[in-house]
Amino acid sequence: INAADANAVWLMQGWLFVHDSSFWNSTTVYAYLSGVADDAMIILDLYSESEPVYNEYDSYYGKPFIWNTLHDFGGHDGIMGSLPSITTGFVEGLNYPNSTIMGIGTTMEGIWQ
């Protein structure tokens, strides 16, 4: 990526670390993330309002992340989400010890455009 653009920044979903707990743990997540400089990667904490990941892995070990709400999943076109979790969760992310939160986002996976 740096060969094409010296200022390029990776953007990845933290969702990768959610479902295979037999592989992903503090040691493997740290090893994976430490391969890229902190200022060269941003992590999208995809489903923060329901299943935040940043708090499982020490605010992504220094990588900046976007606190995100996922309004719906593929094949469902209604806008969903937990308003109480959205209103309090972002503030919790800001107040997390050594937080690297850099913003708030929203994604809609199944809007059938």
Side-chain angles (χ1 to χ4, degrees):
I1 189 171
N2 288 51
D5 182 347
N7 298 313
V9 175
W10 291 96
L11 175 65
M12 70 163 283
Q13 292 182 5
W15 194 248
L16 169 70
F17 308 127
V18 171
H19 287 293
D20 190 357
S21 60
S22 65
F23 179 77
W24 293 114
N25 56 52
S26 296
T27 303
T28 55
V29 171
Y30 180 80
Y32 184 87
L33 295 178
S34 66
V36 177
D38 290 347
D39 63 352
M41 178 181 279
I42 299 169
I43 299 174
L44 180 66
D45 199 339
L46 187 65
Y47 197 29
S48 303
E49 93 277 4
S50 293
E51 291 186 47
V53 178
Y54 73 88
N55 56 352
E56 297 292 325
Y57 300 112
D58 199 21
S59 201
Y60 292 110
Y61 304 110
K63 301 288 185 280
F65 73 94
I66 298 169
W67 191 99
N68 193 74
T69 181
L70 180 59
H71 278 293
D72 54 51
F73 291 92
H76 298 95
D77 57 3
I79 294 180
M80 316 290 183
S82 168
L83 286 178
S85 295
I86 293 168
T87 59
T88 61
F90 180 68
V91 174
E92 290 171 4
L94 286 172
N95 293 323
Y96 187 78
N98 301 312
S99 179
T100 55
I101 198 168
M102 67 176 304
I104 190 167
T106 185
T107 53
M108 292 166 274
E109 192 175 79
I111 56 176
W112 297 101
Q113 294 185 18

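Hydrophobic clustering keeps Val91 apart from Tyr47 (ILVMFWY residues linked when any side-chain heavy atoms are closer than 4.5 Å, directly or through intermediates).
Residues passing the side-chain hydrogen bond (donor to acceptor under 3.5 Å, both in side chains) test with Ser99: none are found, sequence neighbours excluded.
Remark: side-chain polar atoms of Ser48 are paired, donor with acceptor, to backbone N or O of Asp45 under 3.5 angstrom. Of the possible polar contacts, one joining the Trp67 side chain to the Gly89 backbone as a donor-acceptor pair under 3.5 Å is found. Counting only distance, with no hydrogens or angles, the side chain of Glu49 and the backbone of Leu70 share a donor-acceptor pair below 3.5 Å. Panel note: side chain Thr28, backbone Phe23; a donor-acceptor pair is recorded below 3.5 Å. In this structure, the side chain of Thr100 engages the main chain of Lys63 through a donor-acceptor pair within 3.5 Å.
Other residues, nucleotides and ligands contribute at most 12 non-hydrogen atoms within 6.0 Å of the CG atom of Asn98.
In this structure, Tyr54 has its ring center under 6.0 Å from that of Tyr96.
Looking at heavy atoms from C-beta onward, Phe90 lies in side-chain contact with Ile101 at the 4.5 angstrom threshold. Using a 4.5 Å heavy-atom threshold, the side chains of Ile66 and Ile104 count as separate. Phe65 is not listed as a side-chain neighbour of Met12, based on a closest heavy-atom distance of 4.5 Å or more. Using a 4.5 Å cut-off on side-chain heavy atoms (C-beta onward), Tyr60 and Val53 make contact.
Between the CD atom of Glu56 and the CZ atom of Phe17 there is a distance of 12.5 Å, given to the nearest 0.5 Å. Within the model, atoms CG of Asn25 and OG1 of Thr27 stand 5.0 Å from one another, a figure rounded to the nearest 0.5 Å. Rounding to the nearest 0.5 Å places CG of Asn95 at 11.0 Å from OG1 of Thr88. Taking CE from Met41 and CD1 from Ile1, the interatomic distance works out to 9.0 Å, rounded to the nearest 0.5 Å.
Among the candidates Leu46, Ile43, Asn68, Leu44, the single residue satisfying the side chain to side chain contact (heavy atoms under 4.5 Å, CB included) test with Trp15 is Leu46.
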